[in-house]
**Q** 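Following this message is one structure expressed as structure tokens.
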Amino acid sequence: MDDIDVPCHFLCPISLQLMRDPVTISTGITYDRESIEKWLFSCKNNTCPVTKQVLNDDDLTPNHTLRRLIQAWCTLNASLGIERIPTPKQPIDKTQIAKLISDAKRFPHLQIKCLRRLRSITLESDRNVSCLEAAGAVDFLVSIIKNDDVIPPASDDETSSADFTRASDEALSILYLLKISGSQYKTLISKDGDFIQSLMLILRHGNYRSRAYATMLLKSLHEVADPIQLVNFGRELFSEVVRVLHDQISKQATKTALKLLVEVCPWGRNRIKAVECGAVSVLIELLLATPEKRECELILIVLDLLCGCAEGRAELLKHGAGLAIVSKKILRVSHVASDRAVRILCSICKFSATNRVLQEMLQVGVVAKLCLVLQVDSSLKSKERVRGILRFHSRAWSNSPCIPAHLMSSYPSSS
């Protein structure tokens, strides 16, 4: 269309492309719907791109007159290869969404159907996500999650019981897809203290899909939680998060659970709670099994946090592969993974270095790997930690045949 004289008022001011679905915003400027919706909803802007005025609402009014003019122009220029723009289907509005929510509340037998329609609407566009939020969908979905006890109620009607459980599953998936803001999550926590308890019940009794969504929602909630809420992260919640890791529900759920532990473990006695729930053993087993870079990094970060307490170090040493697998990841994954693995070994050597532990470190190649760190391109901080470890335990290790001869030159002198 570069060689065709297109009337300027047919072009979208943002993209300068022929408008297919012209809509007018509150400042009176007309844009193509796809372009202005991307500006408002995907890019999270609240101003008119042309006038720079702040928009008090995001209502988009179809400009039918301009659309008909564009369609007529396309028809007149059909001989030049211009295809007529079809009349666009009008997008769903807040009134229609509010009716779906109302029907789901009033008619229990329609609840699953309404929720599936809401999920489909959510997946269509960011603009629809905004409409759902404005129509009160968040409170509605939370109420379903809270009121569903996850375990199907005793009933002779098996179909009814199955639908009862799936309502919570659908509500969880929609709430996650909405990706509500941090301020909305804060409001949710402060207004509804039972919501986290409901998520814990889903983690305990739900199917794999609902447990994955519950884990991701928990992480989002705790990203904006107050310190007191992080300190009070319950032992039962730790137990369920560790079980998500153990069951390996999905790659996304595993990474989310690891990130959640990174968020909460530094607070209060949370490291001890996590250790008591079996986190160290599960993390080591994951480390043995996963080749994926980011997952390895997250596991080592959490293990580093847990080895900051005596209970965590004891659990690592109790596992037959603990020292060996941590050492193995040095120089094999990334600088981040190597630094964290060195920190873990430093904690062990500084606070838990019995004769048995020192001998095991020789036997499984930990000491040789530490010597190697000094010879390659590692971070200065890691090299400093390694020198400290080797120097502190030089009497136990310096004369050992387990250290390869070509690495002895890297061994720091104890003098």
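When reading the values below, keep in mind they use all heavy atoms of this one structure, side chains included, and skip hydrogens, waters and symmetry mates.
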**Q** Is it possible for you to check whether K179 lies under 6.0 Å from the centre of the six-membered ring of Y176, through NZ or CZ, and within 45° of that ring's axis?
**A** yes
**Q** Carefully, step by step, assess E276 and R235 under the rule salt bridge (charged side-chain N to carboxylate O under 4.0 Å, His left out).
**A** CA-CA 8 Å; E276 290 174 348; R235 186 173 273 97; 2.7 Å; yes
**Q** Using a strict 4.0 Å threshold on nitrogen-to-oxygen distance, state whether E311 and R271 make a salt bridge.
**A** no
**Q** Between I97 and C131, which heavy-atom pair has the shortest distance, and what is it?
**A**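 So the two residues come closest at CD1-CB, 3.5 Å.
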**Q** Of all the heavy-atom pairs spanning A212 and I249, show the shortest one and how long it is.
**A** CB-CG2, 4.0 Å
**Q** Begin with the C-alpha distance, continue with both residues' side-chain angles, and end with the deciding distance and a verdict on salt bridge (charged side-chain N to carboxylate O under 4.0 Å, His left out) for R387 and E384.
**A** CA-CA 5 Å; R387 288 192 184 95; E384 183 182 330; over 6 Å; no
**Q** When you compare the side chains of T215 and T256, does any donor N or O come within less than 3.5 Å of an acceptor on the partner?
**A** no
**Q** Do M361 and V357 come within less than 4.5 Å of each other through their side chains, counting heavy atoms only?
**A**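 They are in side-chain contact.
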**Q** Checking salt bridge (charged side-chain N to carboxylate O under 4.0 Å, His left out) for the pair D126/K38: CA distance, chi angles, key distance, verdict?
**A** CA-CA 8 Å; D126 291 328; K38 182 177 180 181; over 6 Å; no
**Q** Using 30° and 60° as the class limits, which term best fits the ring planes of F233 and F238: parallel, tilted or perpendicular?
**A**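 If you compare the ring of F233 with that of F238, the planes turn out perpendicular.
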**Q** Do Q53 and S26 get their side chains close enough for a donor-acceptor pair, meaning under 3.5 Å?
**A** no
**Q** Between D339 and R385, does any NZ, NE, NH1 or NH2 come within less than 4.0 Å of an OD or OE carboxylate oxygen?
**A**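 Salt bridge absent between R385 and D339.
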**Q** Taking 4.0 angstrom as the limit, do R211 and E240 come out as a salt bridge?
**A** no
**Q** Would you say L55 and L40 make side-chain contact, with heavy atoms under 4.5 Å?
**A**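 A side-chain contact exists here, since the closest heavy-atom pair is under 4.5 Å.
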**Q** Check whether T290 reaches the backbone of L287 with its side chain - one donor and one acceptor, N or O, closer than 3.5 Å.
**A** no
**Q** Ring-plane angle category for W397 and H393, please: parallel below 30°, perpendicular beyond 60°, tilted otherwise.
**A** tilted
**Q** Using a cut-off of 6.0 Å, state whether more than 12 heavy atoms not belonging to K350 lie near its atom NZ.
**A** no
**Q** Around K113, counting heavy atoms of other residues, nucleotides and ligands shown, do more than 12 lie under 6.0 Å from its NZ?
**A** no
**Q** Determine whether more than 12 heavy atoms belonging to other residues, nucleotides or ligands lie under 6.0 Å from atom NE2 of H319.
**A** yes
